[in-house]
Asks: 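Let me begin by handing over the structure; questions about it come next.
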Amino acid sequence: MSQYPFQEIEHRWQNYWANNSTYRVHDDFTKPKYYILDMFPYPSGAGLHIGHPEGYTATDIIARYKKMKGFNVLHPMGFDAFGLPTEQYSMKHGIHPYIATMNNVDNFKRQLNMLGFGYDWHREINTTDPAYYKWTQWMFLIIYNSWFDEALQKARPIEELPIPHDISSPADIEIYRDEHRLAFIDSIPVNWCEELGTVLANEEVDEWKEKGFTVERKPMRQWMLRITKYAQRLLDDLETVEWVTSTKEMQKNWIGKSQGAEIYFPVLGEEEKITVFTTRPDTLFGATYVVLAPEHPLVSLVTTDDNKHRIADYREKAAIKSDLERTELAKEKTGCFTGSYALNPATGKEVPIWIADYVLGHYGTGAVMAVPAHDDRDHEFAQQYNLPIVQVVAHVGHEISDENPIDLSKAAFTDDGVNIESENDEVSLNHLLTSQAKTKIIEWLENSGNGKGTIQYRLRDWLFSRQRYWGEPIPIIFFEDGTKRAMDYDELPLLLPELQEFKPSGTGESPLATVESWVQYYDKKTGKTGKIETNTMPQWAGSCWYYLRYIDPKNINRFCDEEKEKYWMGETGVDLYVGGTEHAVLHLLYARFWHKVLFDYGYVSTNEPFKKLFHQGMILAEDNRKMSKSLGNVVNPDDIVAQFGADALRVFEMFMGPLEAAKPWASKGVEGVFRFLNRVWRLFVDENGTLLSNVQDVPLTKEQEYVLHYTIKKISEDIENLSMNTAVAQMMIFVNEFTKADIRPLSALRDFIKILYPFAPHIAEELWHKLGNTDSLWFEEFPIYDESKLQKSEVEIIVQINSKIKAKCFIAVNATSDEMEASALALPDIAQLVEGKSIKKKIVVPGKLVNFIIG
RNA sequence: GCCCGGGUGGCGAAAUCGGCAGACGCACAGGACUUAAAAUCCUGGGACCGUAGAAGGUCGUGCGGGUUCAAGUCCCGCCCCGGGCACCA
């Protein structure tokens with residue numbers, strides 16, 4: 001294959017860009033800004049995956065395009081380098097995570113530069129850099145030193161938290177404050193992984209289980225972030241961003257808002273009431289028993305002596321089960337009667353109190369009223385244990401029982417309908433539709449003091465601590481006298497200690513707990529001695545705010561300068577954020593949460609961090625399966641670049657198909673794109689790389705003008721819409737058209753190079769210089785199309801008889817309907833077909849078609 | 001089970017304010033160049049019927065209906081694939 005010298009060209013231009021700091025970004029506030037962001041990579045030992053260049057090329061294209069359109073473009077890159085994989089690798093190979101990280105980062109940077117991306121490396125960030133994680137810790141302290149004002153729906157300083165009058169001692173005030181901080185310590189059942197020696201967030205459990213690790217539930221002391229306080233805002237503000245609908249949906253489902261009611265069931269013979277949460281308060285008259293989660297605090301109170309052993313036994317078994325075992329693996333529902341009864345506040349009837357692990361302790365109130373007639377789970381349980389089933393909702397129009405077609409011995413009736421048998425002395429729901437019954441019963445509950453309407457969220461607080469070494473230390477000191485204090489901002493960063501051994505301590509504590517010299521702390525500010533918190537932050541922490549650090553990465557006084565933040569974040573934040581779907585919920589939800597806390601304090605100027613979000617699809621192996629080492633179907637970017645060059649890889653990944661779609665790799669496809677780049681090369685130069693003599697300063701033909709201006713228009717629009725595949729197709733059409741020309745008009749070729757440049761910057765720069773230019777294309781303007789060149793004097797229309805195409809003809813572009821009809825009828829084929837027939841109907845679409853319906 | 005996406009040639013895909021289905025590329029076939037090959041260039045192509053060849057005809061965007069002069073595109077009912085959630089009361 002005779003080929004253009006891509007290796008030489010790519011090396012030359014990469015060196016040129018580096019030596020001339022071509023991509024240096026300046027904070028020029030006079031220009032309109034465009035902030036385009038990639039999800040920064042985790043620098044693994046495996047190096048760049050072939051999927052990485054897909055999103056990165058797309059953003060590189062847009063960044064260059066926007067730059068050429070006159071925007072001041074910020075398109076930065078950095079590394080999310082804390083986290084388990086590096087620490088695992090370090091333990092296995094005995095290399096310090098810091099060294100492993102540096103090596104991996106170097107390799108990633110080499111590969112990113114090899115692909116010709118236009119990053120300003122002066123703005124590189126690394127989450128493991130103390131100068132960076134100082135601010136991660138700072139933001140943690142902002143959160144720690146805050147409470148959430150429900151009335152204002154925003155975070156406020158903890159000092160401003162109103163303290164109830166009956167709390168006066170400093171110790172009690174501190175306890176009260178701790179109960180309201182947005183970062184707090186709790187002892188809760190967590191997902192403990194013995195092999196990893198750490199707890200995992202609920203969201204992370206599946207990922208590690210897939211990798212073959214076991215995860216069990218175990219109560220432990222943990223740091224939590226009160227993200228649930230922001231549930232409503234996180235939900236509402238989704239409406240203000242331009243995100244993929246599926247991702248918005250996922251976040252909505254994850255937050256999981258439910259409207260319903262809390263209802264109080266008095267325990268017979270006790271003062272206490274059981275509060276249940278239900279979304280179907282309209283079925284209250286059908287509640288025939290109450291179920292508590294095994295971990296519910298009232299369980300011991302309501303358990304009668306003769307049931308003690310069985311209940312204790314059941315609770316113990318439930319406690320060690322993971323959520324997974326309590327749900328998917330449990331084919332049959334299990335439960336245990338406590339021996340006590342509660343009163344259904346609507347019917348006044350006694351209903352038995354059970355415990356069962358199908359009721360989750362952490363959702364709602366941890367207790368439910370069971371309505372077996374109208375809930376599948378309650379129905380199953382009632383059948384299992386022979387509990388009464390009472391119907392209170394019927395199909396609309398079938399309120400009279402003998403016409404009622406519902407067979408409750410088989411399944412529950414869970415649809416909306418109309419209430420029956422729902423009446424007491426104070427309220428009747430009978431004949432009301434489900435929605436009306438809900439409103440009415442809530443009204444009654446509130447008036448009678450038996451309950452109230454409420455909203456529940458599925459979202460849980462964020463488990464924020466990890467028992468690992470390779471993460472940000474949590475800057476809290478626990479003193480020997482039992483008090484504690486958060487470090488002040490001027491004491492940050494709290495550095496990770498140098499460590500020889502970073503294996504888990506084995507006690508459930510972080511490896512940091514074994515470093516006496518680091519843990520033991522003499523506090524100069526208070527003169528007290530104590531211990532530093534040994535848990536570290538999860539990997540998500542550093543990525544919660546990195547987009548802000550790019551704005552001012554070297555700032556030592558602030559996470560970023562106020563004015564620069566205002567400029568680059570503007571009215572609506574990052575203009576475009578591109579990354580994989582795998583972060584649709586977690587990273588994007590956590591980052592939004594941190595951003596909102598910062599927003600509450602005025603540290604950032606936008607409500608939401610990312611205005612527009614786009615997910616690139618996965619690149620599959622040639623066999624249509626996921627690429628994996630074990631399948632041996634991995635394609636390495638280094639190999640492709642060595643064989644065909646970075647430009648070919650970039651253009652091919654854009655040409656494969658829609659950016660958002662999952663698509664299989666095709667080695668023949670790269671060759672095709674490589675052939676295209678060679679055709680581009682030969683459009684300009686001969687075998688020796690000398691500019692062809694038939695590239696001349698001549699005017700374009702009408703046809704060439706049309707193709708050129710259509711290409712400019714089409715590709716501009718395609719880039720804006722992220723339709724890179726059709727943009728590449730249009731460049732191919734351009735090259736095919738102009739290759740045909742014996743004399744190639746220089747002006748069109750100049751424009752074409754500028755269009756090609758965002759996609760294939762190396763070959764474009766080389767050809768640009770061969771045309772005698774001395775500066776980089778980075779500083780050129782993107783061509784602008786001329787609408788008048790797109791106007792054709794004649795247009796081809798189709799002529800149909802009975803809606804079938806029978807002929808085509810050219811007509812003047814501004815022809816009237818009558819003229820079109822006359823031209824069509826004048827065609828011999830049409831005249832012949834119409835002859836002797838009556839034309840029943842004529843449809844004329846200007847500039848498109850004429851259709852004769854004949855009989 | 002629920003919520004999102006998506007089903008178009010041998011393959012990746014274009015085209016959705018309803019108006020020539022299959023742009024562009026891959027693979028394939030034929031030809032030119034060559035001692036030969038590679039590379040390059042040119043030509044062809046949805047399927048079926050038809051014809052010596054052409055002309056011509058029928059069918060065709062997952063399946064079944066519908067609206068319309070006209071449907072890949074709009075409406076109704078299904079099937080299949082991918083992703084997410086899943087005892088959340």
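The analysis underlying the following values was restricted to heavy atoms, covering all of them including side chains, and did not include hydrogens, waters or symmetry mates. Each chain gets a letter, A, B and so on, in the order its sequence line appears, and its residues count up from 1.
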Asks: Extract the stems that RNA chain B is part of, considering only consecutive pairing runs of at least three Watson-Crick or G-U wobble pairs, both distances under 3.5 Å.
Replies: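 Stem list for RNA chain B: B:1-7 with B:79-85, B:10-12 with B:24-26, B:28-32 with B:40-44, B:46-49 with B:56-59, B:62-66 with B:74-78.
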Asks: Examine distances only and state if a side-chain atom of Gln391(A) and a backbone atom of Val393(A) form a donor-acceptor pair shorter than 3.5 Å.
Replies: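 At least one qualifying donor-acceptor pair exists.
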Asks: What orientation do Trp354(A) and Phe337(A) show, parallel under 30°, tilted 30 to 60°, or perpendicular over 60°?
Replies: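 Trp354(A) vs Phe337(A) ring planes: tilted.
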Asks: Does Asn802(A) reach a base, just sugar-phosphate, or nothing at all? Heavy atoms under 4.0 Å.
Replies: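 Answer is nothing: Asn802(A) stays at 4.0 Å or more from every strand.
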Asks: Considering only the C1' atoms, how many Å lie between A29(B) and G9(B), rounded to the nearest integer?
Replies: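 The answer is 16 Å between these two C1' atoms.
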Asks: Of the options Phe674(A), Trp681(A), Phe644(A), which is the one that meets Phe6(A) in a ring-ring contact (aromatic ring centres under 6.0 Å, His included)?
Replies: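 Testing Phe6(A) for a ring-ring contact (aromatic ring centres under 6.0 Å, His included) against Phe674(A), Trp681(A), Phe644(A) leaves exactly one candidate, Phe674(A).
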Asks: Can you pull every protein N or O that's under 3.5 Å from an N or O on nucleotides 26-30 of chain B?
Replies:
from	atom 1	to	atom 2	distance (Å)
C26(B)	OP1	Arg675(A)	NE	3.2
C26(B)	OP1	Arg675(A)	NH2	2.9
A27(B)	OP2	Arg675(A)	NH2	3.2

Asks: Among C24(B), C41(B), U58(B), which is the nearest nucleotide to the side chain of Arg682(A)?
Replies: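 Nucleotide nearest to Arg682(A)'s side chain: C41(B).
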Asks: When the C1' atoms of C74(B) and G18(B) are considered, how many whole Å apart are they?
Replies: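 Between the two C1' atoms, the distance is 8 Å.
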Asks: Please tell me which of Lys806(A) and Met732(A) maps to the more 5' nucleotide of RNA chain B, matching each residue to the nucleotide holding its nearest heavy atom.
Replies: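 Its nearest nucleotide being more 5', the pick is Met732(A).
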Asks: Rounded to whole angstrom, note down the C1' distance from A21(B) over to U16(B).
Replies: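 That atom pair is separated by 12 Å.
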Asks: Centres of the Tyr289(A) and Phe381(A) rings: under 6.0 Å?
Replies: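 Close enough - the centres of the two rings lie under 6.0 Å apart.
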Asks: Can you tell me, in whole Å, how much space there is between the C1' of G72(B) and that of G22(B)?
Replies: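 About 11 Å, rounded to a whole number of Å.
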Asks: Check whether NZ of the Lys or CZ of the Arg Arg592(A) lies under 6.0 Å from the centre of the six-membered ring of Trp243(A) and within 45 degrees of that ring's axis.
Replies: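 Checked: cation-pi criterion met.
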Asks: Which whole number of Å gives the distance between the P atom of U51(B) and that of G56(B)?
Replies: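 About 16 Å, rounded to a whole number of Å.
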Asks: Quote, to the nearest angstrom, the C1' distance that separates A70(B) from A13(B).
Replies: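 The same atom, C1', in both gives a distance of 26 Å.
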Asks: Using nucleotides 12-16 of chain B, report all nitrogen or oxygen pairs with the protein that are shorter than 3.5 Å.
Replies:
from	atom 1	to	atom 2	distance (Å)
G12(B)	O2'	Met656(A)	O	2.4
A14(B)	OP1	Asn725(A)	ND2	2.8

Asks: Sorted by first residue and then second, give each side chain to side chain donor-acceptor pair (under 3.5 Å) pair with at least one member in residues 719-729 of chain A; sequence neighbours left out.
Replies: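 Qualifying pairs: Tyr65(A)-Glu720(A), Lys66(A)-Glu720(A), Asp718(A)-Thr726(A).
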Asks: Dump every N/O contact between nucleotides 18-20 of chain B and the protein below 3.5 Å, one line per pair.
Replies:
from	atom 1	to	atom 2	distance (Å)
G19(B)	N2	Gln800(A)	OE1	3.3
C20(B)	O2	Lys808(A)	NZ	2.6
C20(B)	N4	Glu796(A)	OE1	3.4

Asks: Which whole number of Å gives the distance between the P atom of U61(B) and that of A71(B)?
Replies: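 About 11 Å, rounded to a whole number of Å.
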Asks: Given the side-chain rings of Phe752(A) and Phe738(A), with only the six-membered ring counted for Trp, is the space between their centroids under 6.0 Å?
Replies: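 No, ring centres 6.0 Å or more apart.
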Asks: Report all interatomic pairs (protein N or O, nucleotide N or O of nucleotides 2-11 of chain B) with separations under 3.5 Å.
Replies:
none

Asks: If you compare every side-chain N and O of Tyr363(A) against the phosphate oxygens of A89(B) (OP1, OP2), does one of them come in below 4.0 Å?
Replies: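 Answer yes for this pair, as a side-chain N or O of Tyr363(A) is under 4.0 Å from OP1 or OP2.
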Asks: Taking atom CE as the centre, does Met618(A) end up with more than 12 heavy-atom neighbours from other residues, nucleotides or ligands that are less than 6.0 angstrom away?
Replies: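 Open.
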Asks: If only side-chain N and O atoms of Thr581(A) are considered, is one of them under 4.0 Å from the OP1 or OP2 phosphate oxygen of G84(B)?
Replies: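 So the side chain of Thr581(A) is outside the cut-off, no N or O lying under 4.0 Å from OP1 or OP2 of G84(B).
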Asks: Closest approach to the side chain of Ala729(A), judged atom by atom: which nucleotide of C24(B), C85(B), A89(B) is it?
Replies: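 Closest nucleotide to the Ala729(A) side chain: C24(B).
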